[in-house]
Amino acid sequence: MLMMMLGAVQLGAAAACVVVLVPMGMAGWHLSRNKMLFFSGALFISLAICVHLTPYFPSVPDFVTSVSSAVVFDHRSSCINLVNEISWELKPNASFHHFNNTQNSSSIADFYDKRWDWSDSYKLKACEFTKLSKSDASDLLNGSWVVIAGDSQARLFTLSLLNLILGPQSQSMDSVRADLFKRHSDYSVLVNETGMKLDFIWAPYVMNLTNLVMNFKTQKNCPDVMIMGAGLWHMLHFTNASDYDLHLRILKTQAVSLLPFSTELAMNEPLTGSVPIKSSHLFWLGMPVLINGMLNTEEKRAKMNDAMWHAYDKALGDSKLLRQTGGPLFLLDFQSLTWNCGPHCTSDGMHYDGAIYEAAVQIMLNTLLIESHQTL
């Protein structure tokens with residue numbers, strides 16, 4: 001819209017130059033001896049131009065408002081594209097000197113302190129990303145229904161979010177850890193202080209996620225925030241990237257139908273086949289980088305190799321499931337997070353240090369702030 005307005009202004013200015021200067025030049029040539037006649041002609045031509053070009057110019061207040069809105073929109077869209085850019089600082093901790101090189105390498109993660117922040121660049125500083133405190137996160141998610149569905153990566157993400165909301169030292173977290181990590185089970189909690197309801201749903205395959213989304217569609221009710229992700233189990237037990245791609249495309253079709261409006265930030269037209277339900281914020285938990293030599297079984301090392309990981313990652317991109325490729329779900333980029341943190345951040349080459357999931361939670365919260373037009 002802004003570009004169209006600016007184009008109209010530029011076109012109008014060019015027309016004005018042609019229509020004003022050429023006749024005035026001719027008038028000046030022929031009427032130079034009669035200044036009164038010359039200026040009268042110039043005034044007449046100028047008024048005629050104003051009358052004819054006025055429809056092409058927006059009013060000043062509308063123009064200023066449009067420019068301001070466009071700047072805000074550009075800021076939002078550019079910041080959302082930058083929110084996954086995290087850098088890491090790893091330092092040996094006080095226990096490092098006790099580390100024995102003959103020990104199993106899987107324990108090396110315990111000997112490093114991990115600190116993270118958004119990358120130090122002018123563009124990221126302008127976005128003013130921030131690590132939300134317990135009170136900030138509680139205010140943002142106050143009264144919300146949050147659903148997190150997936151495999152063990154989603155479970156660790158759930159733990160990190162509750163750790164922020166409830167506080168790491170709270171007595172509630174002791175019971176959360178005990179109940180949340182019951183093998184292959186669901187978990188639900190209501191945070192009384194804020195009214196936030198959180199459901200973790202064990203869904204290790206994309207097909208499980210699709211069924212879950214279809215249930216929301218049938219009920220015409222969906223969570224305010226939904227974070228989902230799956231792929232590692234499929235890679236281990238099916239080892240078929242083409243099949244994974246197919247299931248992702250089916251999930252995309254169902255997820256789009258949950259949204260009453262287009263996921264493209266510049267569009268407001270209703271999506272075909274949408275149902276009259278409230279809008280959700282949808283996120284996808286990307287797969288972490290797998291460090292093959294650290295995987296704890298021979299089957300995992302054989303099936304979950306680098307070539308297969310890249311095939312599954314390509315399937316995700318080709319499926320157009322992600323907002324970044326025109327789909328409905330915003331990527332929480334575990335690939336980038338785990339790659340930049342590296343082998344010092346994992347004990348088994350697949351499950352990473354809590355700092356990784358803490359960073360992912362903060363990325364999600366900052367994205368929610370941008371999408372909901374809120375500031376701290």
Side-chain angles (χ1 to χ4, degrees), residues 1-4 6 66-88 116-132 136-137 140-141 153 157 161 224-229 231 248 251-252 255-256 258-259 261-269 271 279-289 310 312-341 355-376:
M1 180 66 181
L2 174 61
M3 295 303 297
M4 292 177 63
L6 292 177
S66 300
V67 170
S68 176
S69 299
V71 170
V72 171
F73 168 75
D74 288 341
H75 177 73
R76 287 180 57 235
S77 60
S78 62
C79 287
I80 282 181
N81 292 333
L82 296 172
V83 72
N84 277 298
E85 294 192 14
I86 298 293
S87 59
W88 292 89
W116 67 271
D117 209 335
W118 280 273
S119 301
D120 188 14
S121 72
Y122 173 78
K123 287 185 177 180
L124 268 75
K125 287 181 178 177
C127 292
E128 299 181 340
F129 296 134
T130 184
K131 296 180 182 180
L132 275 69
D136 292 334
L140 179 62
L141 298 175
Q153 301 294 324
F157 181 92
L161 177 58
D224 301 289
V225 181
M226 185 171 183
I227 305 103
M228 65 181 99
L248 288 172
L251 173 61
K252 177 200 171 182
V256 165
L258 280 180
L259 299 177
F261 299 103
S262 170
T263 56
E264 294 185 17
L265 294 175
M267 298 177 63
N268 290 316
E269 294 80 5
L271 286 168
S279 178
S280 289
H281 298 278
L282 304 179
F283 295 88
W284 180 259
L285 294 172
M287 286 193 297
V289 170
H310 284 289
Y312 270 64
D313 184 57
K314 182 177 184 300
L316 176 61
D318 292 344
S319 71
K320 309 297 183 184
L321 174 69
L322 303 178
R323 175 92 65 80
Q324 290 84 336
T325 55
L329 276 71
F330 184 85
L331 175 67
L332 300 177
D333 195 353
F334 269 57
Q335 175 188 354
S336 174
L337 288 172
T338 53
W339 174 264
N340 290 331
C341 199
I356 292 285
Y357 305 97
E358 172 195 325
V361 165
Q362 292 289 347
I363 290 170
M364 183 267 292
L365 294 174
N366 275 264
T367 304
L368 286 177
L369 278 174
I370 296 171
E371 291 188 337
S372 58
H373 307 279
Q374 297 185 52
T375 57
L376 296 178

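Values reported hereafter were calculated over all heavy atoms of this structure, with side chains retained and with hydrogens, waters and symmetry mates removed.
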### Query
So, do Leu365 and Asp136 sit near enough that their side-chain heavy atoms are less than 4.5 Å apart?
no
### Query
Please walk me through it: do Glu128 and Trp118 pass side-chain contact (heavy atoms from CB on, under 4.5 Å)?
CA-CA 10 Å; Glu128 299 181 340; Trp118 280 273; over 6 Å; no
### Query
Please walk me through it: do Asn366 and Thr130 pass side-chain contact (heavy atoms from CB on, under 4.5 Å)?
CA-CA 7 Å; Asn366 275 264; Thr130 184; 4.2 Å; yes
### Query
Do Leu368 and Leu141 come within less than 4.5 Å of each other through their side chains, counting heavy atoms only?
yes
### Query
What pair of heavy atoms forms the shortest contact from Leu321 to Thr325, and how long is it?
N-OG1, 4.1 Å
### Task
Report the distance from atom CG of Leu316 to atom NZ of Lys314, rounding to the nearest 0.5 Å.
11.5 Å
### Query
Atom CE in Met287, atom CG in Asp333: separation rounded to 0.5 Å?
11.5 Å
### Message
Go through it in stages, so that I can follow the logic: the residues are Phe330 and Asn84, the test is side-chain contact (heavy atoms from CB on, under 4.5 Å), and I'd like the CA-CA distance, side-chain angles, deciding distance and then a yes or no.
### Response
CA-CA 11 Å; Phe330 184 85; Asn84 277 298; 3.9 Å; yes
### Query
Roughly how far, to the nearest 0.5 Å, is CG of Leu332 from OG1 of Thr367?
6.5 Å
### Spacing of CD1 belonging to Ile356 relative to CD belonging to Gln153, to within rounding of 0.5 Å
10.0 Å
### Query
Measuring from Leu329:CG to Ser319:OG, what's the distance to the nearest 0.5 Å?
9.5 Å
#### Entry: Straight-line distance of Gln335 CD to Asp313 CG, nearest 0.5 Å
5.0 Å
### Query
What are the two closest heavy atoms between Arg323 and Glu371, and how far apart are they?
NH2-OE2, 2.6 Å
### Query
Would you say the side chain of Lys125 lies within less than 4.5 Å of the side chain of Asp120, judging by non-hydrogen atoms?
yes
### Message
So, using ring pair (Phe, Tyr, Trp, His ring centres under 6.0 Å) as the criterion, who are the partners of Phe334 when residues are at least two apart?
### Response
Tyr357
### Message
For Ser119, give me all partners under side chain to side chain contact (heavy atoms under 4.5 Å, CB included), at least two apart in sequence or on another chain.
### Response
Glu85, Ser87, Leu124
### Message
So which atom in Val256 and which in Pro328 form the shortest heavy-atom distance, rounded to 0.1 Å?
### Response
CG2-CG, 3.7 Å
#### Entry: Minimum side-chain heavy-atom gap Gln324-Trp284 below 4.5 Å
no
### Message
Could you tell me if the side chain of Ile86 sits less than 4.5 Å from the side chain of Gln362, heavy atoms only?
### Response
no
### Query
What residues, two or more places apart in sequence or in another chain, satisfy ring pair (Phe, Tyr, Trp, His ring centres under 6.0 Å) together with Phe283?
none
